[in-house]
Amino acid sequence: MATAREPQSSHEGQYDPRPVEQRWYRVWEEAGYFHADEESASPPYCIVIPPPNITGSLHMGHALNNTLQDILVRWRRMQGYNALWMPGTDHAGIATQNVVERQLAEEGRTRYQIGREAFLERVWQWKAESGGTIIRQLKHLGASCDWAREAFTMDPPRSRAVTEVFVRLFEDGLLYRAERLVNWCPRCQTALADIEVVHEEQEGRLWHIRYPFADDQGGGLVVATTRPETMLGDVAVAVHPEDPRYRDAVGRTVLLPVVGRRLPVIADRAVARDFGTGALKVTPGHDQNDYEIGTRHSLGDPIKAFTETGTISAGFLVDDARRPIESARARRYVGADRAEARRMILEDLRADGLLVKEEPYRHAVGRCYRCQTVIEPFLTPQWFVRVKPLAEPAIRVVEEGRVRIVPEQWERNYFDWMRNIRDWCISRQIWWGHRIPAWYCMHCNADQVVQTATGPAFAAEKGAMPAYTDERYTILPEAKAIVAREAPARCPTCGRHELVQDPDVLDTWFSSALWPFSTLGWPERTKALQVFYPTSVLVTGFDILFFWVARMIMMGLKSLGEVPFRQVYIHALVRDAEGQKMSKSRGNVIDPLVVIDKYGADAFRFTLAALAAQGRDIRLSEERIEGYRYFCNKLWNAYRFLAPHLARGAPLPPGAPPASADLADRWILSRLQEVVAAVTEALETFRFNEAASALYQFVWHEYCDWYLEMAKRRLTEGDGPGAEAARAVLTHVLAEALLLLHPIMPFITEEIWQRLPHEGATIMRAPWPGPEAARRDSEATAALELVMDLVRAVRNLRSEVNIPAAAWLTVICRSRDAGQEAVLRATEGYVRALGRIREFRVGAAEGKPPAAAATVVRGMDVYVPLTGLIDFAAEIARLRKEVEKVDRELARVRGKLENPAFRAKAPAEVVEKETGVARELGEVRGKLLEHLALLESSRG
RNA sequence: AGGCACGUAGCUCAGGGGGAGAGCGCUUGCUUGACACGCAAGAGGUCGGCGGUUCGAGACCGCCCGUGCCUACCA
């Protein structure tokens with residue numbers, strides 16, 4: 001063995017996470033430790049993963065979300081639960097379709113050119129090649145999912161669940177198909193649900209446009225609009241019935257500028273008198289509010305001014321009776337896109353002198369959450385879920401606590417949304433997704449199912465926008481649907497075979513809503529479903545509380561009559577160090593994979609856990625992660641210190657620690673019990689940050705800083721019983737700390753645990769420590785607090801009075817407390833080693849030596865005589881500062897005690913405690929003043 | 001417009017009515033028998049403001065100021 005230390009170029013003292021993490025994940029996976037067996041007799045615990053999109057790659061949100069789930073699952077598994085973390089991915093209809101469409105675009109083709117079947121084949125092919133990326137990335141994070149069960153929203157069992165739920169909802173009258181104004185994305189060319197529209201304030205303009213009276217071209221009404229291009233679809237002008245300005249206008253007729261259509265002036269309470277001019281142009285085909293006004297006043301069929309791609313349609317060239325009209329000037333707009341049409345119309349209005357005013361105006365604009373295109377309210381036939389009957393029981397289960405949302409404040413958001421919920425548009429005009437299980441008989445719906453060759457033309461002629469056009473047929477709004485689990489062979493009404501399936505697919509969130517039970521095999525009555533449903537916890541971000549959580553609760557209750565999960569833990573959003581949301585366009589993303597590579601998954605996970613305080617967003621910075629990498633290193637080095645001692649003496653049994661009489665041993669074992677209880681409770685209440693910081697504090701600042709330093713002395717003494725006990729306790733406490741740390745830092749804990757004496761094949765399946773109340777030891781705790789206070793006081797004197805760090809001191813304690821004296825005699829070795837003390841005297845008879853620095857520790861005078869080394873001025877200054885500090889404290893406590901109300905009303909133990917504090921402070925103050933006087937006189 | 005959260009050390013944040021805390025940063029001193037990714041000591045705070053409840057408020061209540069987020073059909 002070399003005596004000199006090697007130069008440290010090899011970083012032997014530094015922990016390298018990379019090889020460790022790769023090795024252990026492989027071992028765990030191959031050994032099947034992630035697997036949950038439904039035949040197990042242990043109590044079940046189940047979390048279903050919020051399925052990431054197959055188009056996605058791991059971002060910080062996923063990293064946080066999955067780290068928290070893994071912490072919970074690993075912890076419960078160690079507690080002996082039959083813990084299942086059910087993994088899978090989401091087909092992400094629009095997002096995935098966009099990806100493949102972009103690929104096609106690079107080849108200069110569109111999906112229409114290759115056709116539906118070929119397109120879907122391309123998507124499946126893409127999925128096979130690229131859809132597993134995020135799953136591989138989750139493994140780098142350490143996710144202990146039961147991969148053998150991995151599900152996909154479009155695989156056959158999940159598709160079957162989708163069909164089953166659709167058919168049941170239809171049979172129960174909770175589904176309908178109707179023509180409604182929906183949110184339409186002209187780029188994706190599909191309808192979107194309300195929550196898929198992102199509202200964003202932006203700088204726009206408010207244009208005031210004069211609509212002249214038909215019989216008095218000099219007058220007219222001035223309307224205000226942010227979207228002049230929609231005027232092509234106007235069918236009326238509305239004013240408030242009690243608006244004196246317009247009393248005489250109601251019932252008259254105005255002319256739509258440029259187009260010339262005659263518009264009635266109507267009165268409706270929905271008009272806000274104080275907005276704009278108080279006159280509202282009514283465009284039922286392109287505005288939800290106007291649609292309702294149109295219905296109330298029987299204004300006839302809405303006029304559709306746009307096509308599904310967002311260009312101007314020829315459909316607006318009609319008069320008030322919807323008869324075609326011709327206008328060369330207005331005809332120019334046809335085919336222009338929305339922005340271009342706006343420019344042209346404004347120009348024409350200006351030329352006609354009808355543009356009265358133009359002012360800047362800030363307003364919210366809805367955009368597609370997938371592609372940011374401005375959403376168009378658009379009239380098309382769609383499938384809807386009648387949500388109210390589903391929402392009511394879903395509200396009730398949260399009210400009754402059958403589903404608990406943590407933190408509770410989110411329940412309010414949940415209730416607000418659920419109580420104001422509107423029907424859910426579930427059909428999407430895309431190809432990638434679950435095809436709607438509805439068929440139409442071409443004979444019974446002769447005028448509603450239209451061959452494509454004549455489809456669009458026919459639709460235009462009917463004045464209706466087609467629901468959707470693929471290469472073969474178009475289904476108009478009045479068509480009668482046959483909804484079935486399997487494609488029907490014949491029409492139940494007429495018996496003929498010419499049936500076509502609805503071309504639409506379902507909203508991706510429809511299948512996501514079934515996820516907690518579709519993944520467990522529903523509608524089959526599987527063992528897994530029986531054992532694991534309802535699942536235990538759902539862990540997710542608040543951004544999909546409505547998209548997903550609420551819908552799972554509704555669908556779980558509807559389909560199984562039971563809630564999908566008992567708890568929902570809502571965690572924060574991850575932001576950058578400046579508090580900005582991470583986004584590619586801002587360029588502030590921190591890539592979790594880069595972080596894992598650089599600092600290790602353990603350090604990263606610990607960081608996320610430590611920052612995951614409830615109700616607040618996480619600001620993540622690399623410095624923070626680096627700090628927790630140091631913690632891994634600390635842990636590693638604690639093991640390295642211990643390693644050579646493990647081989648000495650008798651082999652250490654794993655499990656229970658030895659009974660030791662040593663106060664330091666008793667103290668750390670007692671503290672360990674407190675930490676076990678604290679960490680367990682923190683995890684039970686989803687306070688991940690508290691679990692993390694309790695462990696950090698304990699491992700670093702108690703185990704390493706104090707206990708390990710104290711044990712060093714005993715270990716180096718040789719192989720006596722003291723060394724033996726120290727070895728056992730050091731090992732035991734480290735092993736237990738590893739168990740507690742394992743859910744947060746799975747890799748390094750496994751690595752070290754394997755090197756310690758242990759039972760079992762993996763820390764993953766080792767039992768979670770139970771708190772042993774019997775090991776709580778207040779006597780040892782009080783003793784060690786005295787030791788640490790004394791050592792700290794000596795170190796402080798050394799530093800403040802400028803005593804060289806290397807000097808060995810004499811320390812004299814005058815204590816009139818026999819118990820205190822006994823403790824210090826019993827722990828003298830620790831005090832001397834940690835305080836760097838050569839001569840240590842303690843007793844009631846000890847006196848103050850000449851020329852000494854002095855302080856007070858727990859009522860005990862502490863002197864450090866060092867003739868010639870004391871800096872008198874520094875010591876006097878220090879003592880004065882200390883007296884001031886005590887005075888401040890004393891003033892506070894006495895203020896309290898002198899208040900008769902406090903003595904009368906505060907609990908007795910509080911009064912007693914404060915009285916004790918005041919007495920102690922008074923004594924300390926007296927002693928300090930005494931020291932001060934002596935020093936000042938001796939300096940002289 | 002309404003709702004919700006958040007203002008605590010230079011920075012990022014814990015704090016659950018009874019002596020203001022952590023990490024990082026900063027200052028000073030240390031090649032201390034694992035760790036300089038370390039050890040030790042320290043400086044630094046009218047807990048956003050005002051009022052209220054209470055014997056006692058950083059915490060509970062109200063108002064105000066500031067910041068962020070969500071919801072909404074005022075064109």
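Residue numbers begin at 1 in each chain, while the letters A, B, ... track the order of the sequences.
Sparse packing is recorded around CD of Glu408(A), with 12 or fewer heavy atoms of other residues, nucleotides or ligands lying under 6.0 Å away. Counting non-hydrogen atoms of other residues, nucleotides and ligands closer than 6.0 Å to CD of Glu912(A) gives a total of 12 or fewer.
Between the CD atom of Glu912(A) and the P atom of G56(B) there is a distance of 22 Å, rounded to whole Å. If you measure from atom CG of Leu797(A) to atom P of A40(B), you get 17 Å, rounded to the nearest angstrom. Rounded to a whole Å, the OH atom of Tyr630(A) is 12 Å from the P atom of C39(B). Atom CZ of Arg419(A) and atom C1' of A72(B) are 18 Å apart (whole Å). Distance Arg713(A) CZ to U32(B) C1': 16 Å, rounded to the nearest Å. Leu545(A) has its CG atom 15 Å from the C1' atom of A5(B), to the nearest Å. The distance between atom CZ of Arg892(A) and atom P of U46(B), rounded to the nearest whole Å, is 18 Å. Going from atom CD of Gln14(A) over to atom P of A36(B) covers 7 Å, rounded to whole Å.
Tyr599(A) and Tyr628(A) have their aromatic ring centers separated by at least 6.0 angstrom. The aromatic ring centroids of Tyr361(A) and Phe275(A) lie less than 6.0 Å from each other.
Listed by residue number, the members of residues 898-911 of chain A with any heavy atom below 4.0 angstrom from RNA chain B are Asn899(A), Ala901(A), Phe902(A), Lys905(A), Ala906(A), Pro907(A), Val910(A). For the contact set between residues 279-290 of chain A and RNA chain B, defined by any heavy atom under 4.0 Å, the members are Leu280(A), Asn289(A).
Counting only Watson-Crick and G-U wobble pairs whose two distances sit under 3.5 Å, RNA chain B takes part in these stems of three or more pairs: B:1-7 with B:65-71, B:10-13 with B:21-24, B:26-30 with B:38-42, B:48-52 with B:60-64.
Heavy atoms of Arg792(A) sit under 4.0 angstrom from primed sugar atoms or phosphate atoms, though from no base atom. Within 4.0 Å (heavy atoms only), Gln697(A) reaches no atom of the nucleic acid at all. Within 4.0 Å (heavy atoms only), Trp700(A) reaches sugar-phosphate atoms of the nucleic acid but no base atom. Nucleic acid contact class of Tyr361(A) (heavy atoms, under 4.0 Å, all strands): sugar-phosphate only. Within 4.0 Å (heavy atoms only), Thr226(A) reaches sugar-phosphate atoms of the nucleic acid but no base atom. Using a 4.0 Å heavy-atom distance criterion, Cys632(A) is classed as making no nucleic acid contact. Within the 4.0 angstrom heavy-atom criterion, base atoms lie near Glu889(A).
Look at Lys634(A) and you'll find a side-chain N or O under 4.0 angstrom from OP1 or OP2 of C39(B). The side chain of Lys913(A) contributes an N or O atom lying less than 4.0 Å from OP1 or OP2 of G19(B).
Taking atom C1' on both C13(B) and U53(B), the two are 29 Å apart, rounded to the nearest angstrom. To the nearest whole angstrom, the two P atoms, one in G2(B) and one in G58(B), are 31 Å apart.
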Just the table, please: protein N/O against nucleotides 7-10 of chain B N/O, every pair under 3.5 Å.
{"unit_1": "G7(B)", "atom_1": "OP1", "unit_2": "Arg616(A)", "atom_2": "NH2", "d": "3.0"}

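With Asn420(A) contributing its side chain and Asp416(A) its backbone, the two residues share a donor-acceptor pair below 3.5 Å.
Scanning for salt bridge (charged side-chain N to carboxylate O under 4.0 Å, His left out) contacts around Glu920(A) gives an empty result, with sequence neighbours left out. With sequence neighbours excluded, the residues satisfying salt bridge (charged side-chain N to carboxylate O under 4.0 Å, His left out) with Arg269(A) are Glu242(A).
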